[in-house]
Amino acid sequence: MNTIFAIILVFVGCCSNVVFLELLVRDFPGSGNIVTFAQFAFIALEGFIFETNFGRKKPAIPIRNYVIMVTMFFTVSVINNYALNFNISMPLHMIFRSGSLIANMVLGIIILKKRYTNTKYISIVFVSLGICICTIMSAKQMNVGQEVTEEQGFYSFLRWLLGISMLTFALLMSARMGIFQETLYKQYGKHSKEALFYNHCLPLPGFLLLASDIYNHSVLFSQSAPVEVPLIGKDVPVMWVYLLMNVITQYVCIRGVFILTTECASLTVTLVVTLRKFVSLIISILYFRNPFTAWHWAGTAMVFLGTLLYTEVWSSIRAALRPEEKKKE
């Protein structure tokens with residue numbers, strides 16, 4: 001029952017989160033910092049009350065280790081959201097972040113000296129080709145339908161390249177953080193909820209560096225069109241409503257994944273998260289009418305096929321069906 005509930009939370013929370021994030025960045029492309037800050041502040045407040053019991057509960061993992069992990073987590077979160085300010089479309093953003101398997105494998109080989117099966121190497125080729133196809137096609141669509149000079153077009157392309165570089169760096173940093181987290185859990189045990197709190201609480205002072213940008217966007221949000229909120233019966237600027245819903249759905253999404261990791265095997269978690277990403281992508285394309293060609297679909301199919309191949313879903317399904325076949329015989 002908990003598993004079904006967790007899957008519902010993941011799909012409802014994460015897919016809704018993508019919708020509200022796109023509503024925010026379509027009107028204000030540079031709003032990544034205020035979105036990140038709001039998400040961090042909300043999750044940190046919830047963790048401070050329910051996880052640390054108002055600071056009275058001591059952490060199981062030393063704070064110095066959390067500082068290292070938090071530095072990486074803060075950097076990844078800020079860069080991922082801020083990349084949307086550099087001509088990166090939401091579909092490309094989602095597809096690119098699905099390439100975490102490549103970064104995990106590369107760093108696993110370099111740092112942990114891991115060796116993988118041929119199937120996993122083939123799956124990484126699929127994912128890499130899929131991301132390359134989508135990236136190239138997105139580059140070709142730059143300034144399509146817009147009347148721009150050659151100089152403006154070149155400047156726009158350079159901004160897009162910077163956005164791609166930011167996503168690539170965040171992908172590698174996220175993989176490195178995952179390896180560091182794995183070593184911590186082996187040494188001190190798994191404390192996912194505690195890690196969730198410290199990952200969102202400790203970076204909060206870092207947002208002081210982004211204070212001017214956050215303030216400027218809060219002013220812009222306050223100037224957005226008013227919308228009546230049924231529960232309070234008052235008009236509220238619509239961008240603040242979108243931000244609140246984004247924060248709530250982000251929390252629901254994270255809680256769903258947390259419950260899933262405690263109730264299911266890692267393979268099931270990966271499969272659910274992968275399917276959720278695909279549904280989010282479909283919503284982004286259809287609901288927001290983001291440009292998506294046949295080549296984009298081909299690239300997307302290769303990314304998700306490679307992901308499923310990497311997690312060995314097919315062999316697991318066959319293994320689960322074998323007992324049923326034997327019973328029939």
Side-chain angles (χ1 to χ4, degrees), residues 10-11 14-27 29 32 79-105 122-148 152-172 174-175 253 270-311 313-314:
V10 169
F11 274 90
C14 298
C15 292
S16 302
N17 180 257
V18 169
V19 171
F20 288 111
L21 178 60
E22 185 140 5
L23 286 169
L24 287 163
V25 299
R26 279 173 84 88
D27 286 342
I79 288 177
N80 268 329
N81 280 338
Y82 198 61
L84 292 167
N85 196 31
F86 291 84
N87 300 335
I88 301 294
S89 68
M90 189 61 76
L92 180 61
H93 192 268
M94 285 187 277
I95 293 165
F96 215 91
R97 290 180 69 180
S98 298
S100 55
L101 291 177
I102 306 169
N104 287 336
M105 179 178 276
I122 293 168
S123 70
I124 291 304
V125 171
F126 271 96
V127 173
S128 302
L129 285 174
I131 290 174
C132 284
I133 290 169
C134 290
T135 305
I136 291 167
M137 294 312 297
S138 295
K140 287 184 176 181
Q141 287 183 328
M142 291 288 296
N143 302 318
V144 170
Q146 298 177 24
E147 292 184 6
V148 294
Q152 287 173 328
F154 181 69
Y155 174 72
S156 184
F157 180 69
L158 284 180
R159 280 182 64 82
W160 178 84
L161 277 181
L162 182 58
I164 292 293
S165 301
M166 291 169 73
L167 288 178
T168 304
F169 176 79
L171 206 61
L172 292 169
S174 180
C253 175
T270 305
L271 181 59
V272 170
V273 171
T274 302
L275 290 173
R276 190 279 302 169
K277 286 179 180 178
F278 187 72
V279 172
S280 296
L281 183 65
I282 298 298
I283 292 171
S284 178
I285 295 162
L286 297 180
Y287 184 77
F288 292 101
R289 297 181 181 178
N290 283 307
F292 218 70
T293 65
W295 280 106
H296 282 98
W297 282 114
T300 303
M302 291 181 78
V303 169
F304 286 105
L305 180 63
T307 303
L308 295 175
L309 198 63
Y310 183 92
T311 54
V313 168
W314 313 120

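Below, each value reflects all heavy atoms present in this structure, side chains not excepted, and no hydrogens, waters or symmetry copies.
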Determine, stepwise, if the pair V19 / L23 fulfils side-chain contact (heavy atoms from CB on, under 4.5 Å).
CA-CA 6 Å; V19 171; L23 286 169; 4.2 Å; yes
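- With sequence neighbours excluded, the residues satisfying ring pair (Phe, Tyr, Trp, His ring centres under 6.0 Å) with F304 are F278.
- In this structure, NE2 in H296 is found 10.5 Å from CD1 in I136, a value given to the nearest 0.5 Å.
- If you take OG on S156 and CG on L161, they are separated by 10.0 Å, rounding to the nearest 0.5 Å.
- One finds the OG1 atom of T300 at 13.0 Å from the NZ atom of K277 (value rounded to the nearest 0.5 Å).
- The side-chain contact (heavy atoms from CB on, under 4.5 Å) check on N80 picks up V76, H93, R97, L167, A170, with sequence neighbours excluded.
- By the disulfide (SG to SG under 2.5 Å) test, C253 is found to be paired with C14, residues two or more places apart in sequence or in another chain being considered.
- Taken to the nearest 0.5 Å, the CG atom of L24 stands 10.5 Å off from the CG atom of L84.
- Partners of R159 by side-chain contact (heavy atoms from CB on, under 4.5 Å), not counting sequence neighbours, listed by chain and number: N85, F86, N87, Y155.
- Considering all non-hydrogen atoms of both residues, I79 and M166 come closest at CG2-O, 3.3 Å.
- Judged by distance alone, the side chain of S284 and the main-chain N or O of S280 form no donor-acceptor pair under 3.5 Å.
- Scanning for side-chain contact (heavy atoms from CB on, under 4.5 Å) contacts around I164 gives I88, L92, F96, T135, W160, T168, with sequence neighbours left out.
- M302 pairs by the side-chain contact (heavy atoms from CB on, under 4.5 Å) definition with F126, L129, I133, not counting sequence neighbours.
- Partners of W297 under the ring pair (Phe, Tyr, Trp, His ring centres under 6.0 Å) rule, at least two apart in sequence or in another chain, are F292.
- Residues satisfying the side chain to side chain donor-acceptor pair (under 3.5 Å) test with S174, not counting sequence neighbours, are none.
- Closest of all the heavy-atom pairs between M137 and T293 is CE-OG1, 4.2 Å.
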